[in-house]
Amino acid sequence: MHIKDIRNIGIVAHIDAGKTTTSERILFFTGETHKIGEVHDGNAVMDFMEQEQKRGITITSAAITATWKDHQINIIDTPGHIDFTLEVERSLRVLDGIVMVFCAVGGVEPQSETVWHQADKHKVPRIAFINKMDRQGADAFHTVDLMNNMLGAHAVLFQIPIGSEENFQGIIDLVEMKAITYNGLEMIVEEIPSAYLDEAKKYRYKMLEKLSEFDDELLSQLLSEETIEQDLIKQVTKKAVTHLCLTPVFCGSAFKNKGVRLLLDAVVAYLPSPIDRGAVVGHDPDDLEKPQTRAPVTSEPNAALAFKIINDPYVGQQTFIRVYSGVIEAGSSIYNSTKMKKERIGRIMRIKANSREDVERLSAGDIGAIIGVKNTTTGDTLCDIDKPIVLENITYPETVIDLKINPVSNKDRDKLGMALRKLSMEDPSFDVKGDEESGETIISGMGELHLEIIVDRLKTEYGIAVEMGRPAVAYRETITKAVEYDHKYKKQTGGKGQFAHIKFKISPSDTNDNEFVDQVKGGTIPREYIPAIEKSFKHEIKKGLYADYPMVNIKMTLTDGGFHPVDSSDMAFKICTSIALKQAIKSAGPKLLEPIMKLEINTPDDYIGDVVGDVNKRRGKIVSMRRHRKGSQKLTGEVPLMEMFGYASDLRSLSSGRANFSMEFDHYELLSENIEKIVLENRKKEKENRQGR
């Protein structure tokens with residue numbers, strides 16, 4: 001397969017817009033499956049995890065390779081629920097284009113916006129598919145208006161529907177000016193019915209008018225009313241899509257098998273190949289300021305990004321990679337430039353959701369899985385050892401909810417630790433830590449559903465039943481003022497003593513991250529001890545020094561110190577740093593931070609007053625309100641996570657089940673003094689209870 005004929009695409013959308021159903025129809029029509037899998041029956045190929053099939057939602061991104069009209073299409077079906085936003089983030093990092101699925105009834109929904117902005121961040125070209133045209137309330141034209149008003153999408157209809165709701169019969173293709181209707185799975189292409197001809201001409205002109213902004217030849221032909229060739233329309237459209245200037249919009253009903261084959265034609269015609277996307281840019285491992293590029297050709301040195309890890313019970317750890325340049329072969333060695341370690345590739349596979357096909361190699365533009373690498377994790381770069389490059393890593397969202405778990409059976413304790421390590425390697429938005437005092441295990445995630453799925457997987461995949469505490473807010477600690485500190489650590493025993501002396505300043509960080517800065521001059525602390533000081537700093541602030549929550553936005557500047565030629569050691573400087581930090585933090589105005597969530601609520605007009613009043617009672621605030629669709633409003637606001645446990649049932653009660661909401665982490669904010677006092681008292685009681693056991 002030539003690289004120009006490869007399409008690496010994602011199917012992304014808000015939950016319940018029909019992503020997985022669309023993916024299943026694509027697999028059927030490309031011949032990858034011979035029976036259509038349905039989400040509601042729990043037999044969708046792309047939703048192969050037991051937890052996905054039980055809940056009818058996508059949890060983990062699934063990758064599959066299909067072929068359409070001599071083009072290889074590598075498809076990733078991504079989750080729509082905000083708790084699994086990392087799955088979307090890491091998929092977008094490696095894709096060349098996406099199909100954004102919108103519900104014709106719901107229009108632009110909360111997660112639609114989140115995913116759209118993620119695609120903006122990664123500069124991913126996109127086309128749109130308005131699904132569920134057969135549903136009551138379906139309106140393709142209104143959905144396009146919402147896309148432009150709410151997303152700035154530059155959305156243009158390339159198809160218009162023939163009928164809608166229960167009368168949805170088919171589609172008018174505005175490029176070919178043909179009507180496509182359906183008899184079961186048969187597509188019938190015919191002339192546009194006279195009742196729709198004027199509307200088709202109007203929307204075709206709108207499409208051509210928009211395209212003329214990107215090409216002088218097309219503009220000239222449009223102004224002179226010449227016949228515009230389809231090839232020119234497709235060529236200009238692809239150029240505009242690749243440069244993020246246009247979102248062509250298509251429509252249909254995936255569940256009723258309408259519009260999916262035309263969507264596949266659009267993927268091939270309008271979304272870019274790896275060659276169209278051009279060279280990937282990274283940097284030299286030894287010089288962050290020195291850029292390196294790799295063109296999407298097999299003759300360039302190897303460069304690939306690991307974007308996902310799955311622990312498969314049959315083949316072990318599968319590491320999904322996107323190859324940007326060169327050729328990667330089974331049985332060969334490759335260099336992990338992120339970890340600075342050589343890796344050996346045992347097997348290479350193309351993944352077909354939950355099945356696999358062994359191949360000898362992956363080439364530039366390919367997506368596949370490799371077996372055998374031991375040190376590679378999500379976001380690592382794999383490359384030629386003689387021509388190293390480090391590609392941009394994948395950013396992980398903050399965890400906001402903690403949950404204490406313990407194995408029901410003590411004999412499962414070691415087994416639990418191993419299982420959690422595997423799960424956290426698969427999912428970097430999931431974190432595990434141990435409570436040193438109680439011996440309990442604390443897992444942290446993006447939301448209640450996220451942790452519920454983790455616990456379910458422990459039981460079904462690893463055979464470990466666990467007891468759970470109540471979900472708790474993942475607070476953070478910070479400091480509010482700068483403090484200088486000077487500390488000497490001396491300990492003399494019968495043999496060799498311990499000595500370390502450090503002077504430092506701790507202050508709030510300007511970078512919204514934790515920083516360690518070495519400003520020691522003149523060798524007052526030998527260079528070999530500086531890493532031990534930095535390691536101790538990072539360890540202590542991760543544990544927390546105020547109320548045992550991780551610390552954020554802390555800067556430690558090491559300025560001076562001293563050592564003893566015999567008694568100084570790494571351990572002495574680690575202990576010295578640990579003691580000094582605990583004392584210095586007390587003087588630096590420590591405070592607790594709480595996670596603030598971005599809240600979006602769709603509610604009928606009748607319930608707006610009650611909904612807004614309830615948000616205010618939860619210490620939240622509504623920051624915007626706009627018409628969502630006829631008779632309903634979309635409210636956007638901010639609210640502390642600690643006030644949102646049980647909100648789903650409360651909102652159902654307030655709105656007679658007619659309102660819905662979504663929320664995602666937005667930022668951390670200082671707790672008010674009275675609430676911080678309560679949190680600290682509860683934390684103290686927890687510690688006392690543990691110590692009294």
Side-chain angles (χ1 to χ4, degrees), residues 12-19 22 80 98-117 119-120 125-165 167-168 171-175 196 198-214 237 240-241 244-254 258-259 262-263 266 270 600-605 608 624-636 660 662:
V12 296
H14 182 86
I15 192 168
D16 285 339
K19 297 177 308 306
T22 303
I98 59 172
V99 176
M100 187 82 188
V101 180
F102 294 91
C103 171
V105 181
V108 176
E109 296 173 281
Q111 184 67 354
S112 310
E113 290 189 74
T114 300
V115 174
W116 190 272
H117 296 318
D120 282 342
R126 64 214 79 161
I127 61 176
F129 180 61
I130 300 176
N131 191 28
K132 303 189 179 184
M133 283 302 305
D134 57 319
R135 296 278 294 275
Q136 187 175 353
D139 189 336
F141 304 102
H142 180 56
T143 300
V144 170
D145 289 341
L146 290 174
M147 288 173 65
N148 286 323
N149 294 334
M150 296 170 67
L151 305 174
H154 305 292
V156 176
L157 282 161
F158 273 53
Q159 297 172 346
I160 58 172
I162 300 174
S164 65
E165 301 181 338
N167 297 317
F168 176 61
I171 293 145
I172 293 171
D173 184 326
L174 299 176
V175 176
Y196 288 93
D198 287 344
E199 187 178 41
K201 287 178 179 177
K202 180 178 92 170
Y203 280 98
R204 177 181 165 86
Y205 187 82
K206 283 186 174 185
M207 176 190 75
L208 294 173
E209 193 175 38
K210 184 66 178 177
L211 289 173
S212 70
E213 296 176 17
F214 313 115
T237 301
V241 169
L244 309 178
C245 300
L246 183 75
T247 306
V249 181
F250 307 89
C251 61
S253 167
K258 296 177 180 178
L262 299 177
L263 180 64
Y270 303 130
E600 294 189 338
I601 307 168
N602 295 323
T603 177
D605 293 342
I608 288 173
S624 71
M625 186 183 301
R626 63 184 173 215
R627 176 70 55 196
H628 179 53
R629 51 182 180 263
K630 188 175 180 182
S632 73
Q633 298 278 348
K634 177 178 179 177
L635 314 179
T636 303
N660 60 73
S662 90

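We're numbering straight along the sequence, starting at 1.
- With N149 contributing its side chain and D145 its backbone, the two residues share a donor-acceptor pair below 3.5 Å.
- The CG atom of L246 sits 11.5 Å away from the CZ atom of R126 when rounded to the nearest 0.5 Å.
- Proximity of C245 to H154: side-chain heavy atoms (C-beta onward) are nowhere separated by under 4.5 Å.
- Taking 4.5 Å as the limit, some side-chain heavy atom of T237 sits within range of a side-chain heavy atom of P248.
- Heavy-atom minimum distance, F214 versus A240: CD1-CB, 3.6 Å.
- Between S253 and D134, the shortest heavy-atom distance links the atoms OG-OD1, 3.0 Å.
- In plain terms, the two heavy atoms of Q159 and C251 that are nearest each other are OE1-N, 3.0 Å.
- The CZ atom of F129 sits 5.5 Å away from atom CG of L263, with the distance rounded to the nearest 0.5 Å.
- Between D173 and R204, none of the side-chain N atoms (NZ, or NE/NH1/NH2) sits under 4.0 Å from a carboxylate O, so this pair counts as no salt bridge.
- For the atom pair L211 CG and M207 CE, the distance stands at 6.0 Å (nearest 0.5 Å).
- Rounded to the nearest 0.5 angstrom, L157 CG and F141 CZ are separated by 6.0 Å.
- From I98, atom CD1 reaches atom CD1 of I127 across 9.5 Å, with rounding to the nearest 0.5 Å.
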Check the pair V156, K206 against side-chain contact (heavy atoms from CB on, under 4.5 Å), reporting the backbone distance first and the verdict last.
CA-CA 8 Å; V156 176; K206 283 186 174 185; 5.7 Å; no

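- In this view, E165 satisfies the salt bridge (charged side-chain N to carboxylate O under 4.0 Å, His left out) rule with no residue, not counting sequence neighbours.
- At a threshold of 4.5 Å between non-hydrogen side-chain atoms, the residues E199 and I172 do not count as touching.
- The two atoms that bring Q136 and V105 nearest to each other are O-CG2, 3.4 Å, heavy atoms only.
- Between M147 and V249 the shortest heavy-atom distance is CE-CG2, 4.1 Å.
- Proximity of the aromatic rings of Y203 and Y196 is defined here by a centroid distance below 6.0 angstrom, and this criterion is not met.
- Residues K258 and I171 share a closest heavy-atom pair of C-CD1, 4.4 Å.
- Residues V99 and T22 have side chains not in contact (no heavy-atom distance under 4.5 Å, counting atoms from C-beta outward).
- C103 pairs with exactly one of E109, M133, R135 by the side-chain contact (heavy atoms from CB on, under 4.5 Å) rule, that one being E109.
- Taken to the nearest 0.5 Å, the CD1 atom of I130 stands 12.0 Å off from the CD1 atom of I160.
- With N131 contributing its side chain and V101 its backbone, the two residues share no donor-acceptor pair below 3.5 Å.
- Not a single donor-acceptor pair under 3.5 Å links the side chain of N602 to the backbone N or O of N660.
- Note: Y270 and F158 have perpendicular aromatic rings, judged against thresholds of 30 and 60 degrees for the angle between ring planes.
- Within the 3.5 Å criterion, the main-chain N or O of A153 finds a donor-acceptor partner in the side chain of T247.
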